Every structure is written in C-alpha cells, then in structure tokens.
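A short write-up of the structure that comes next.
The first residue of the sequence shown is numbered 1, and numbering continues consecutively from there. What you are looking at is a predicted structure, and each value in this text was computed from that prediction instead of being measured.
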Amino acid sequence: PALFMENTRKGSIVSRANSIGSTSASSVPNTDDEDSDYHQEPYKESYKDQRRRARTQAEQKRRDAIKKGYDDLQAIVPTCEQQDFSIGSQKLSKAIVLQKTIDYIQFLHKEKKKQEEEVSTLRKDVMALKIMKVNYEQIVKAHQDNPNEGKDQVSDEIKFNVFQGIMDSLFQSFNASISVTSFQELSACVFSWIEEHCKPQTLRDIVIGVLHQLKSQPY
C-alpha cells in the first residue's frame with residue numbers, strides 16, 4: 001500500500017508538470033512562424049486581375065464621359081434649365097434630357113428655315129430697289145440733258161397737278177391693298193400691288209383721265 005501511494009503521488013506531480021509545461025509553451029510566441037511570414041515575398045497581381053482592373057477603369061471612364069455629356073446637354077439646351085412642373089424639383093432623367101434636346105434642335109431647324117425665307121424676301125426687295133434706282137437715275141439724267149424741254153409749254157403747277165392726280169388715283173388702290181402689320185407683309189403687298197395696279201395699260205388710263213380733268217379746269 002505504501003508503494004502504491006508513492007507511485008500515485010509521483011504520477012500526479014508529473015501530470016501537473018506536463019499540464020503547466022503545455023500551458024507555458026502555448027503562451028510563448030512561435031518565432032519560426034513569424035519569421036517565415038516576415039520574410040514572405042509581397043503579393044504579385046496576376047494578369048487576370050490586371051485585366052479585370054483595366055476593364056473596371058475603362059468602364060468607369062465610359063460612365064463618366066456619358067454623365068458629362070448629359071450634363072453638358074442640360075447646361076446648353078435652354079429648355080432643360082426651365083422648371084418642369086410635371087417632375088417638380090427632381091433631377092431630369094436622361095430620357096427627358098434627350099427629348100428636350102431633340103425638341104430644341106427641331107425648333108432651331110424651323111427658325112433657320114424661317115430666317116432663310118426672310119433673307120430671300122429681302123434679297124428680292126433689294127433687287128427691286130436697285131431696278132428703281134437705275135430707272136430714276138435715267139430719268140434724272142434725261143432731265144439734266146434737256147433741262148428746258150417743254151418749259152415754255154407746261155408750267156410747273158400743271159405738272160404738279162398731273163402728278164398729284166396720278167398719285168391720288170394710285171393711292172386709293174394702294175391704301176386698299178397694302179397691309180402694314182409687319183415689314184414682311186408690307187414688302188409682299190407692295191409687289192403684288194405693283195403687278196396688279198401699275199400695269200402699263202392701267203397707268204395709261206389713269207394718266208388720260210387726269211389729263212382730261214385738268215383740261216377742263218381753267219388756269
């Protein structure tokens with residue numbers, strides 16, 4: 001019995017020593033593992049990762065370019081800056097920006113066509129004025145070449161009365177045919193009136209009628 005108790009005591013001491021040793025060993029850092037981690041080579045990016053990163057950057061650039069394009073359109077197109085009551089104060093969607101841009105371009109095309117028509121009309125007016133200028137210059141030149149022609153036969157008063165009678169007759173049709181709402185309408189109506197009421201036969205009849213009236217008046 002004494003021997004059994006002695007062996008039991010020794011086994012208990014050894015067991016506790018092993019337990020203490022294992023606990024202490026577990027608390028001591030593993031210098032070999034740390035040294036191996038410390039000396040490990042840095043991570044190298046694989047070719048696949050490089051391609052993935054390049055695609056991601058390219059996609060981001062594309063998205064940024066598209067966003068900048070829509071922002072530029074919204075800043076350039078005047079209708080995009082106006083308040084849209086249907087969407088309130090929310091940011092305009094890409095679809096709305098595109099539609100407003102299309103509408104504005106169509107509006108500009110119409111304005112351009114309208115301006116081209118106005119320019120064409122003004123060119124016709126300039127051509128007609130040039131023709132009238134040439135005719136008046138020829139009349140003035142003819143009068144300068146023969147300043148005394150018919151002076152003794154017809155007085156200035158009679159000439160003025162003839163001119164006044166012709167103008168009064170023409171003004172009646174002119175006043176009834178011409179619209180002065182705008183310069184464009186005035187220009188168009190003048191040419192129409194000239195073609196209709198200033199034909200050679202019409203002017204001849206007017207002049208003959210005025211001369212008959214003046215002939216019957218005493219001077």
Side-chain angles (χ1 to χ4, degrees), residues 72-86 92 96-219:
D72 291 343
L73 283 178
Q74 192 166 352
I76 294 173
V77 178
T79 53
C80 289
E81 298 178 355
Q82 298 175 358
Q83 181 69 22
D84 194 336
F85 296 101
S86 62
L92 295 179
I96 294 177
V97 172
L98 286 179
Q99 186 60 51
K100 287 181 175 291
T101 303
I102 293 172
D103 295 340
Y104 185 63
I105 292 175
Q106 292 176 346
F107 166 76
L108 292 179
H109 278 303
K110 291 180 181 179
E111 287 296 311
K112 181 175 179 291
K113 185 178 180 181
K114 182 180 178 181
Q115 291 177 357
E116 289 176 349
E117 293 176 353
E118 292 178 355
V119 169
S120 178
T121 301
L122 292 175
R123 285 176 178 173
K124 293 179 181 179
D125 295 344
V126 170
M127 183 61 66
L129 292 173
K130 288 182 178 179
I131 294 174
M132 296 173 62
K133 177 177 177 291
V134 171
N135 292 334
Y136 281 122
E137 287 176 349
Q138 292 176 352
I139 295 173
V140 171
K141 186 176 182 302
H143 179 71
Q144 290 175 349
D145 293 340
N146 301 289
N148 297 323
E149 184 178 359
K151 183 177 180 181
D152 297 335
Q153 300 177 3
V154 180
S155 64
D156 292 338
E157 182 181 359
I158 295 177
K159 288 190 290 186
F160 176 79
N161 289 334
V162 171
F163 178 79
Q164 183 181 10
I166 295 173
M167 291 299 103
D168 289 342
S169 179
L170 289 175
F171 181 75
Q172 293 178 3
S173 61
F174 181 86
N175 190 36
S177 304
I178 300 302
S179 172
V180 293
T181 304
S182 64
F183 182 78
Q184 287 78 10
E185 290 188 8
L186 174 63
S187 302
C189 292
V190 165
F191 288 105
S192 299
W193 172 78
I194 290 175
E195 293 177 356
E196 179 68 23
H197 298 279
C198 295
K199 297 177 181 179
Q201 183 62 39
T202 303
L203 294 176
R204 180 175 180 276
D205 294 340
I206 292 174
V207 172
I208 292 175
V210 171
L211 292 175
H212 280 299
Q213 291 178 359
L214 294 176
K215 186 178 180 180
S216 61
Q217 295 179 3
Y219 287 95

Taking all heavy atoms of Leu170 and all of Ile206, pick out the closest pair and write down the distance. CD2-CD1, 3.6 Å

Rounded to the nearest 0.5 Å, what separation is found between the CD1 atom of Ile96 and the OG1 atom of Thr79? 11.0 Å

Taking atom CG of Leu98 and atom CG of Leu92, what is their separation to the nearest 0.5 Å? 11.0 Å

Let me check something: any side-chain donor-acceptor pairs from residues 190-205 under 3.5 Å, sequence neighbours excluded? List them with distances.
from: Ser192; atom 1: OG; to: Ala188; atom 2: O; distance (Å): 3.1
from: Trp193; atom 1: NE1; to: Ser173; atom 2: OG; distance (Å): 3.0
from: Gln201; atom 1: NE2; to: Asp205; atom 2: OD1; distance (Å): 3.1

What pairs of donor and acceptor atoms, side-chain ones from residues 115-134 against any protein atom, are under 3.5 angstrom apart with sequence neighbours left out?
from: Glu116; atom 1: OE2; to: Lys112; atom 2: NZ; distance (Å): 2.6
from: Thr121; atom 1: OG1; to: Glu117; atom 2: O; distance (Å): 3.0
from: Asp125; atom 1: OD2; to: Ser187; atom 2: OG; distance (Å): 3.1
from: Lys133; atom 1: NZ; to: Glu137; atom 2: OE2; distance (Å): 2.5

Rounded to the nearest 0.5 Å, what separates atom CD in Gln213 from atom CG in Asn161? 11.0 Å

Listing, residues 101-110 side-chain donor-acceptor contacts under 3.5 Å, not counting sequence neighbours, or none:
from: Thr101; atom 1: OG1; to: Val97; atom 2: O; distance (Å): 2.7
from: Asp103; atom 1: OD1; to: Gln99; atom 2: NE2; distance (Å): 3.0

Measure the spacing between CZ of Phe174 and CE of Met167 and express it to the nearest 0.5 Å. 11.0 Å

Shortest non-hydrogen contact between Cys80 and Gln74, atoms and distance: CB-O, 3.6 Å

